Q: 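One structure, as structure tokens, below. Some questions next.
Everything numeric here is computed off the predicted structure, so don't read it as measured data.
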Amino acid sequence: MQALTDKSIFIVGPRKLQNHLMASYLAQATGANCAAVARFGDIPKPNDGGLEQPRLALWDCMGKDLDTCLYELEENNGNISSRDHLGLFNVSGGLGIEEEIIARGARAFFYEEDAYEVFPKGIHAIFKGELWVPRRILEGYITKDKKRVFPSRRNETLLTNREREILALIAAGLSNQEIADNLCVSRHTVKTHLYNIFKNIAVPNRFQAALWAINHL
């Protein structure tokens, strides 16, 4: 895997020793700049110029249930930059928190039983614009949320045939590289199409684009 030397990762949580060890491990495993902070408010604010690379905040959710997670996310709403990615780790399985947290912008879930080796793979996926969410969770969320209100269908007419094709592949769960291989184009071309798609259908991320495609294509 390519070293993420231009990326930054912040391990967020009060367990100082464990999270510093996590930051050290991820720095070695990914090449990213990693730091442990106690609170979201301790993450440096992004540059106003907007040229800074998106960062990843990995939130330690050891022992947290859904209500606690939602409350703390709401409390920290102003401390989490919309430009940055949010991932949760030490998530307890079976709590059913994923659907609510995904709807609030989370890109990844790492569970208490996950091996350390899982983290670098998930982090590379996140920085490639993908989601690191169990497929069963993703499929369940899409099925449950089919009645969600989306932008008007008239936006579909603003999409080219190739963009609709890419949207369908996103909904099928393919990564940018898999889409590029499938369509015999470069990954850069796929990313350009995704930028235009998000803009034209008025969604903020890949996951919402997949939901839009399920309802409108």
Side-chain angles (χ1 to χ4, degrees), residues 2 4 6-9 43 45-57 73-74 76-88 98-109 122-133 135 137-139 141-217:
Q2 184 178 0
L4 303 174
D6 60 339
K7 310 298 185 186
S8 295
I9 301 171
I43 299 176
K45 298 297 183 185
N47 294 331
D48 291 336
L51 299 177
E52 188 175 85
Q53 291 279 344
R55 291 111 31 111
L56 170 63
L73 280 177
E74 184 66 27
N76 285 283
N77 185 51
N79 295 319
I80 304 175
S81 171
S82 60
R83 283 190 252 162
D84 294 337
H85 305 313
L86 173 64
L88 283 64
E98 293 89 352
E99 293 180 4
E100 291 289 343
I101 306 300
I102 287 172
R104 286 160 174 78
R107 305 292 295 274
F109 293 88
I123 288 168
H124 274 82
I126 295 165
F127 279 120
K128 287 193 294 184
E130 301 170 16
L131 296 171
W132 191 258
V133 179
R135 187 172 293 273
I137 299 293
L138 190 60
E139 290 175 349
Y141 184 82
I142 290 174
T143 301
K144 182 177 178 181
D145 250 34
K146 276 196 172 185
K147 295 183 179 180
R148 178 184 293 243
V149 176
F150 286 89
S152 170
R153 285 187 65 94
R154 62 188 175 85
N155 286 333
E156 182 181 348
T157 63
L158 300 177
L159 301 175
T160 66
N161 289 336
R162 176 49 58 90
E163 287 167 352
R164 287 195 290 271
E165 191 173 14
I166 288 174
L167 257 181
L169 294 174
I170 289 174
L174 274 66
S175 69
N176 285 2
Q177 187 60 60
E178 289 170 333
I179 293 172
D181 294 342
N182 190 286
L183 300 179
C184 298
V185 298
S186 71
R187 198 167 71 179
H188 175 74
T189 298
V190 173
K191 290 175 69 175
T192 300
H193 281 306
L194 287 179
Y195 174 82
N196 292 329
I197 289 168
F198 292 172
K199 180 179 178 181
N200 286 334
I201 65 175
V203 298
N205 55 49
R206 187 186 195 91
F207 186 73
Q208 294 297 326
L211 294 178
W212 191 95
I214 292 292
N215 283 268
H216 294 296
L217 294 186

Q: Report the distance from atom CD1 of Ile197 to atom CG of Leu167, rounding to the nearest 0.5 Å.
A: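 So the gap between those two atoms works out to 4.5 Å.
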Q: How far does CG of Asn200 sit from CH2 of Trp212, to the nearest 0.5 angstrom?
A: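 The distance works out to 9.5 Å.
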Q: Okay, side chain of His124, backbone of Gln2: is any donor-acceptor separation there less than 3.5 Å?
A: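 Present.
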Q: Hey, could you give me the CD1/CZ distance between Ile201 and Arg164, rounded to the nearest 0.5 Å?
A: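 If we round to the nearest 0.5 Å, Ile201:CD1 and Arg164:CZ are 12.0 Å apart.
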Q: Does the side chain of Leu169 reach to within under 4.5 Å of the side chain of Leu183, using non-hydrogen atoms?
A: yes
Q: Ignoring hydrogens, what is the shortest heavy-atom contact between Ile126 and Ala108? Give both atom names and the distance.
A: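 Looks like CD1-CB, 3.3 Å.
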Q: Checking side-chain contact (heavy atoms from CB on, under 4.5 Å) against Ile179, which of Leu194, Thr189, Val190 comes through?
A: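 Output: one option passes, namely Val190.
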Q: So which atom in Leu131 and which in Ala106 form the shortest heavy-atom distance, rounded to 0.1 Å?
A: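 Nearest heavy atoms, Leu131 then Ala106: CD2-O, 4.4 Å.
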Q: Tell me every residue that passes side-chain contact (heavy atoms from CB on, under 4.5 Å) with Asn205, counting only those two or more places apart in sequence or in another chain.
A: Phe207, Gln208
Q: Any side-chain heavy atom of Ile43 within less than 4.5 Å of one from Asn79?
A: no
Q: Is His193 close to Val185 at the side-chain level, that is, under 4.5 Å between some pair of heavy atoms?
A: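 No; the side chains remain at least 4.5 Å from each other.
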Q: Which atom pair, heavy atoms only, marks the closest approach of Ser8 to Phe127?
A: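 Closest heavy-atom pair between Ser8 and Phe127: O-CZ, 3.8 Å.
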Q: If you apply the rule side-chain hydrogen bond (donor to acceptor under 3.5 Å, both in side chains), what do you find for Arg206 with Asn176, and how did you get there?
A: CA-CA 10 Å; Arg206 187 186 195 91; Asn176 285 2; 2.6 Å; yes
Q: Just jot down the side-chain contact (heavy atoms from CB on, under 4.5 Å) partners of Ile80, sequence neighbours excluded, or say none.
A: Phe40, Leu73, Asn76
Q: Write down the atom of Trp132, the atom of Ala125, and the distance for their closest heavy-atom approach.
A: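 Heavy-atom minimum between the residues: CE3-CB, 3.8 Å.
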Q: Does some side-chain heavy atom of Leu56 sit less than 4.5 Å from a side-chain heavy atom of Lys7?
A: no
Q: Can you name the side-chain contact (heavy atoms from CB on, under 4.5 Å) partners of Gln177, sequence neighbours left out?
A: Ser175, Ala180, Asp181, Arg187
Q: What's the spacing between Arg107 CZ and Ile123 CD1 if we round to 0.5 Å?
A: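 Nearest 0.5 Å value for the CZ-CD1 distance: 13.5 Å.
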